[in-house]
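When a ligand or atom number is given, it counts from 1 through the structure's own listing order. Because only heavy atoms are used, hydrogens play no part in the values below, and waters and symmetry mates are left out as well, while side chains stay in. When a residue number appears, it is its place in the shown sequence, counting from 1.
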Amino acid sequence: MSKKTLLELVEELEKEKALLLRGGGEKALKKQHEAGKLTARERIELLVDEGSFEEIDLFIEHRADRFGMAERKLPADGVVTGFGTIEGRVVFVYSQDFTVMGGSLGEMHARKITKIMDMALKVGAPIIGINDSGGARIQEGIDSLSGYGQIFFRNTQASGVIPQIALILGPCAGGAVYSPALMDFIFMVEGESKMFVTGPQVVKAATGEEISAEDLGGATTHATKSGVAHFVASTEEECFLKVRTLLSYLPSNNVEDPPVGDSSDPWNRHNTPLLEIVSPHPNKPYDMKEVVEELVDRGSFLEVQKDFARNIIVGFSRIGGQVVGVVANQPYHLAGCLDINAADKASRFIRFCDCFNIPLLTLVDVPGFLPGSNQELGGIIRHGAKMLYAYSEATVPKITVILRKAYGGAYLAMCSRDLGADLVLAWPTAEIAVMGAEGAVDIIFRQEIEKALDSEVEREKLLEQYRQEFYNPYQAARRGYVDEVIDPRETRIKVAKALEVFWSKREEGKGKKHGNFPV
Ligand code: HXC
């Protein structure tokens, strides 16, 4: 029996905890701060509601014994795990501690992460992973690799059940990048975050190519070129704020509805500015972002992947306080054509919204799929198919508004009636056709144009005839592909009413294991 009093035992406990909470020690902490980075626990404190974090598994120890590991003490095994709240809602968090052996991931480090993931799944609360690590702990060999495998497995099990958010606040290299890639959203910080499967040295050794770590895997690279990053912040503090903002649009799990936000902006506000923003001339570009911002609740638009595939816009917003996922063509970039990257970006967003009961609002002004050998050889067929699949599969309320062009396969891909749109609205400027007049007339009237006395005059006449026939929403409305032709100023009102009506829509799954999503 212990001769110590309970108070003495508590004092010992506090001492031991204080030792462990120092992480990798003064020198390593100083190095972390000098690199402009916060420590694992400082990050969590800034991310969650003040005083809400409960750390677990502080006493975990590794059990490796090779390469001098038996003698090494690694506080908390290099990762801080636990739960807290954000705006009062429960979240589970892990935060790798770079001051402890470079935040490298060994067997017990991984076990801490998988334990917290299992808890998040059981509770039905988001998981947030803060990554800052040299990757697999080399000394632990296959046990480290197995640890990653177990995390990947749980990322996949959790996909579509709880939101998963990855913050990259340091290096994230090798196979370690795949846990964030399996999650829903990746946040990076300019100048600080790096993600690559093989770093610059390996690239140089294997291919001779010289490239900096920043150009290969920095935040800007992944936000603009690869599309790996969804959000970029200039500081860690800003990054945590952005995570909190994102969570304000998301339910905690797939059986909850998204939180209803402030609805001080009247749902029946008229959109008179739209008459100025959108030109009726089909070839005159405009900024679709202005349209989105005018339609949704003031200041509520949170754009996702804003610098990647800018020909399509995706993001969360609210109408009458109710969360809605917006997908919109952007005539400012590539005339709003759909291409490989746009299809990838939109499809993933549509699927996320469908997983988490977020209705979809699709704004259409699309001249078609982008032509060219780059696109064809890059597989626009299989990438474009993702959009058709994602919209067809989605069972959340789907409201579509056609503003101007809606041509061919791209018309279908932008949540047409035939892909299951619940309500299709069109402005009087809508043009719904198999293709634009120029291409169409040269195909269907080739002989007439060739035989005509003056080919140019004949072609002009036929172009005008085609435009009269198809450059309006009425043929589609007569067939019921468009439900209502509306005054653009009433778009917000019409969408708000549609969201209200279709909110209770329920569609049963098809009883199959899962479909074969094109990739
Ligand atoms: C063991 C590691 C480590 C690792 C870093 N450390 N990475 N220990 N395994 N993977 C240790 C260092 O030895 C050092 O220990 C401490 O962490 C800090 O590292 P430094 O090198 O001093 O820091 P810095 O100069 O900032 O450089 C950070 C770094 C570098 C760029 C991350 O450490 C690095 O290149 N590490 C190796 C990265 C890597 O190749 N990892 C394997 C990737 S493959 P001391 O004791 O000196 O403080 C992979 C496969 C995953 O992860 C597969 C999943 C399927």
Side-chain angles (χ1 to χ4, degrees), residues 22-40 43 60-80 94-114 117 129-156 166-183 186 188-189 191-206 211-219 221 228 236:
R22 283 172 47 208
E26 289 310 315
K27 214 171 123 202
L29 284 176
K30 195 161 166 258
K31 194 175 159 197
Q32 179 84 350
H33 284 148
E34 279 170 1
K37 292 157 71 178
L38 296 171
T39 64
R43 286 167 172 166
I60 285 280
E61 282 183 359
H62 72 84
R63 49 183 179 181
D65 55 6
R66 313 289 292 272
F67 302 103
M69 286 297 284
E71 295 77 45
R72 289 198 73 163
K73 279 261 175 221
L74 301 180
D77 208 39
V79 63
V80 181
Y94 65 86
S95 178
Q96 293 180 308
D97 186 349
F98 195 81
T99 69
V100 178
M101 220 176 165
S104 56
L105 180 143
E107 177 203 11
M108 299 308 282
H109 179 124
R111 196 175 284 184
K112 285 182 70 170
I113 295 177
T114 54
M117 294 174 84
I130 303 179
N131 298 265
D132 187 4
S133 167
R137 188 173 296 153
I138 297 162
Q139 293 87 336
E140 293 197 37
I142 185 76
D143 285 333
S144 305
L145 295 183
S146 164
Y148 275 116
Q150 291 176 37
I151 295 170
F152 300 162
F153 182 82
R154 281 169 180 77
N155 285 138
T156 310
L167 281 63
I168 314 297
L169 300 184
C172 184
V177 297
Y178 286 114
S179 174
L182 286 165
M183 295 173 94
I186 295 181
M188 295 181 80
V189 171
E192 182 176 305
S193 318
K194 305 281 179 294
M195 284 182 92
F196 26 67
V197 175
T198 49
Q201 286 167 353
V202 180
V203 168
K204 186 164 181 222
I211 184 163
S212 70
E214 191 60 37
D215 287 346
L216 191 62
T221 295
V228 166
E236 291 192 14

### Query
Are any of the N or O atoms of Ile138 closer than 3.5 Å to those of ligand 1?
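Right, the criterion is met.
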### Query
N/O to N/O below 3.5 Å, does that happen between Lys31 and ligand 1?
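Yes: some nitrogen or oxygen of Lys31 is under 3.5 Å from one in ligand 1.
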Any protein heavy-atom neighbour for [atom] (distance below 4.0 angstrom)?
atom: atom 47 (O) of ligand 1; answer: no
atom: atom 34 (C) of ligand 1; answer: no
atom: atom 9 (N) of ligand 1; answer: yes
atom: atom 51 (C) of ligand 1; answer: yes
atom: atom 14 (C) of ligand 1; answer: no
atom: atom 42 (C) of ligand 1; answer: yes
atom: atom 23 (O) of ligand 1; answer: yes
atom: atom 1 (C) of ligand 1; answer: yes

Counting heavy atoms only, which of [options] comes nearest to [atom]?
atom: atom 18 (C) of ligand 1; options: Gly175, Gly147, Gly102, Gly134; result: Gly102
atom: atom 49 (C) of ligand 1; options: Gly68, Gly149, Ala136; result: Ala136
atom: atom 11 (C) of ligand 1; options: Met101, Gln32, Arg137, Gln201; result: Met101

Gap between atom [atom2] of [Y] and atom [atom1] of [X] - 0.5 Å precision:
X: Gln96; Y: Ser104; atom1: CD; atom2: OG; value: 9.0 Å
X: Ser193; Y: Leu167; atom1: OG; atom2: CG; value: 8.5 Å
X: Phe196; Y: Asp215; atom1: CZ; atom2: CG; value: 11.0 Å

#### Entry: side chain to side chain contact (heavy atoms under 4.5 Å, CB included) between Leu182 and Phe152, intermediate numbers included
CA-CA 7 Å; Leu182 286 165; Phe152 300 162; 3.8 Å; yes
#### Entry: Student check: side-chain heavy atoms of Val197 and Tyr178 closer than 4.5 Å
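In contact.
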### Task
Would you indicate whether the side-chain heavy atoms of Arg111 and Gln150 approach each other to under 4.5 Å?
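When only atoms from C-beta onward are counted, Arg111 and Gln150 do not touch, as no gap falls below 4.5 Å.
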### Query
What residue and atom, counting heavy atoms only, is the protein's closest point to atom 3 (C) of ligand 1, and at what distance?
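The closest heavy atom on the protein side is Ser104 CB, 3.9 Å.
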### For atom 44 (S) of ligand 1, closest protein heavy-atom neighbour
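Nearest protein contact, heavy atoms only, for atom 44 (S) of ligand 1 is Gly174 CA, 4.1 Å.
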### Task
Check each of Arg63, His62, Glu107 against Asp143 using the side chain to side chain contact (heavy atoms under 4.5 Å, CB included) test, and report the only one that passes.
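So, applying the side chain to side chain contact (heavy atoms under 4.5 Å, CB included) to Asp143 and each of Arg63, His62, Glu107, only Glu107 qualifies.
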### Query
Looking at Ala176 and Tyr148, what are the two nearest heavy atoms and their distance?
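Looks like CB-OH, 3.3 Å.
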### Nearest heavy-atom neighbours spanning Leu105 and Ile151
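Shortest heavy-atom contact: CD1-CD1, 3.7 Å.
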### Task
Sequence neighbours left out, what passes side chain to side chain contact (heavy atoms under 4.5 Å, CB included) with Pro180? Give chain and number order.
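Side chain to side chain contact (heavy atoms under 4.5 Å, CB included) check on Pro180 returns Asn131, Ala166, Ile168, Cys172, Ile186, Met195.
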### Query
What salt bridge (charged side-chain N to carboxylate O under 4.0 Å, His left out) pairs are there with at least one residue in residues 130-139, not counting sequence neighbours?
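Counting only pairs at least two positions apart or across chains, the salt bridge (charged side-chain N to carboxylate O under 4.0 Å, His left out) contacts touching residues 130-139 are Lys37-Asp132, Arg43-Asp132, Asp77-Arg137, Arg137-Glu140.
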Proximal atoms of ligand 1 relative to [X] (non-hydrogen, under 4.0 Å):
X: Leu145; result: 53 (C)
X: Arg72; result: 46 (O)
X: Gln139; result: 1 (C), 9 (N)

### Task
State if Phe98 counts as touching ligand 1 under the rule of any non-hydrogen atom under 4.0 Å.
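Per 4.0 Å heavy-atom rule, Phe98 contacts ligand 1.
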### Query
So, are Lys30 and Glu26 salt-bridged, with charged N and O less than 4.0 Å apart?
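Result for this pair is no, no salt bridge flagged.
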